[in-house]
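For ligands, and for the atoms within them, numbers begin at 1 and follow the listed sequence. We use all heavy atoms of the structure for the numbers below, so side chains are in, but hydrogens, waters and symmetry mates are not.
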Amino acid sequence: MAADLTADTELTAGGPGGADVDAYRQRVRAFIAERGLPMDREGVRVPESAAQERQIRDWLRALYEAGYLGAGWPVEWGGQAGHLPVHDLVVMEELIRGDAYRPLDQVMLAAHAVIAFGSDEQKRELLPRIRAGEHIWCQLFSEPGAGSDLAALRTRAEPDAAGETFTVTGQKIWSTDAQWSDMGLLLARTDPTAERHAGITAFVVPMGLPGVDVRPIREMTGHAEFCEVFLDGLQLGRQHVLGEVNGGWKVVTSGLASERAFVGANAIQLERLFQDLVALARTARLPDGTPALAHEDIQAKLAAALTRVEEVRLIVRDTVERILVEAEHPSDGPVAKLAYTETNVALSELALEIIASAVSIDDDGAQVADRWQHNFLWGRALTISGGASEIMRGLIGRQLLGLPRA
Ligand SMILES: Cc1cc2nc3c(=O)[nH]c(=O)nc-3n(C[C@H](O)[C@H](O)[C@H](O)COP(=O)(O)OP(=O)(O)OC[C@H]3O[C@@H](n4cnc5c(N)ncnc54)[C@H](O)[C@@H]3O)c2cc1C
């Protein structure tokens, strides 16, 4: 049962990138072992003290300085000439394997958007601050009436007669990290008369400006990691527009590609979780005093869970291979996301079943049990963020199976 899946999972000498990848992986692994900021629970992590916030910002800066983040950026903005996309995937895998704090995907998405759509002045102003850990970003996209259907957003950015100043009014919700972000990537409607995808503009918003009111929301995990953001009379200028006025839809859709580096890492994540599941079953004692792992029904459920983990690994491996040769199918992302997030929930349900059937947990299993209780609550969020499972199924139906839109 205690299969070590890791050896044949990662991108190795036999896989894309060849021997260079192995050497690169060793360097990343050593760096993380020496300097990595530990991550003690899954999910995004809002700092709980000023000292912790400093640590997170320092760690992000260290990753950029070492060239493990932002290596794919244009060289003039700190990227590296010989950068290979496979290296980004290796970094994500090793961050997960090393239990290290992972870069915030909103910051990565913002960097991608600024590189692709920013003016030279915006790039000069914003990109070095991301690399320095000085600017944490949040995404101000979703609204109470606009999530899956983002183009339904109603926050208005009303231009003045000259089109130079915009007055922003509206409400955003589920804005991860907004309570400690320095900058927000905002989507707002600038032309309510245009076709709904066409009348939206992307803005960069300094979160300290008057007219921005951030209120954290407590999740069922007990932590408050995302927020409501009320925008009332916020004044933005031309310098805050990212890309073209009414061209915001292009900014948001192109940014999704920057999240691809996480796909491969998800398989590693599930394999680590499976090992945690076995550790839990070994230390959870049933009423007869034996460990759950000794029971045939638990063994059968673990075997079924391992099969699902293995399926995700194969799906992710195929996807990663296509990403690396830029031959992705549009449904690759939805398939990999659906498989990973739903399997994650299934593993946490099994973990809770084991915990519920136990009368005690051995001391060395207590921490694992705590992690599972958190993951049980947190894992559901992943089936919603970045596109809910139902939306992923719809995309797969249309893009992979060619089914008509219902
Ligand atoms: C952990 C987390 C972090 C997030 N971080 C951010 C962030 O930083 N910034 C940000 O802007 N947003 C963020 N979000 C919001 C996220 O993008 C939305 O929650 C998501 O897009 C779903 O939108 P919704 O919550 O409005 O649900 P809805 O779109 O109202 O969906 C409700 C339910 O209806 C289903 N449904 C909706 N439309 C269809 C359809 N066409 N077919 C079938 N079923 C459908 C959905 O699958 C879901 O089950 C975050 C969400 C989570 C959970």
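At a cut-off of 3.5 Å, with distance as the only test, a side-chain donor of Asn344 or Asn375 sits close to an acceptor on the other residue. Remark: the Thr155 side chain and the Glu143 side chain contain an N/O donor-acceptor pair separated by less than 3.5 Å. Side chains of Glu121 and Ser119: a donor-acceptor N/O pair is absent below 3.5 angstrom, by distance only. Checking Thr190 against Asn246 by side-chain atom types alone, a donor-acceptor pair falls below 3.5 Å.
For atom 29 (O) of ligand 1, the protein comes within 4.0 Å by at least one heavy atom. Taking a distance limit of 4.0 Å, we find that atom 1 (C) of ligand 1 is approached by some protein heavy atom.
Residue-ligand proximity, Ala388 to ligand 1, at heavy-atom distances under 4.0 Å covers atoms 46 (C), 47 (O).
Taken to the nearest 0.5 Å, the OG atom of Ser389 stands 11.0 Å off from the CZ atom of Arg380.
The pair Glu93-Arg25 meets the salt-bridge criterion, with a side-chain N (NZ, NE, NH1 or NH2) lying under 4.0 Å from an Asp/Glu carboxylate O. Ion pair Arg61/Glu134 not flagged as a salt bridge, since none of the NZ, NE, NH1 or NH2 atoms sits closer than 4.0 Å to an Asp/Glu carboxylate oxygen.
In this structure His197 satisfies the ring-ring contact (aromatic ring centres under 6.0 Å, His included) test together with Trp249, sequence neighbours excluded.
For atom 44 (N) of ligand 1, the closest non-hydrogen atom of the protein is Glu390 CB, 3.4 Å. The nearest protein atom to atom 52 (C) of ligand 1, hydrogens excluded, is given as Ser385 CB, 3.4 Å; this is a heavy-atom distance. Looking from atom 25 (O) of ligand 1 to the surrounding protein, the closest heavy atom is Trp174 NE1, 3.6 Å. Here the heavy atom of the protein found nearest to atom 21 (O) of ligand 1 is Gly147 C, 3.4 Å. Nearest protein heavy-atom contact of atom 53 (C) of ligand 1 is Ala381 O, 3.5 Å. Among protein heavy atoms, the minimum distance from atom 45 (C) of ligand 1 is reached at Ile391 CD1, 4.0 Å. Ser142 OG, 4.0 Å is the protein heavy atom nearest to atom 18 (C) of ligand 1. The shortest contact between atom 20 (C) of ligand 1 and any protein heavy atom is with Ile384 O, 3.8 Å.
Proximity of a side-chain donor or acceptor of Arg189 to a complementary backbone N or O of Leu153 within less than 3.5 Å is detected.
Considering backbone and side-chain N/O of Thr176, one or more are found under 3.5 Å from N/O of ligand 1. Here's the thing with Gln139: one of its N/O atoms is less than 3.5 angstrom from an N/O atom of ligand 1.
Here atom 31 (O) of ligand 1 lies nearest to Ser148 when heavy atoms of Pro144, Ala178, Ser148 are compared.
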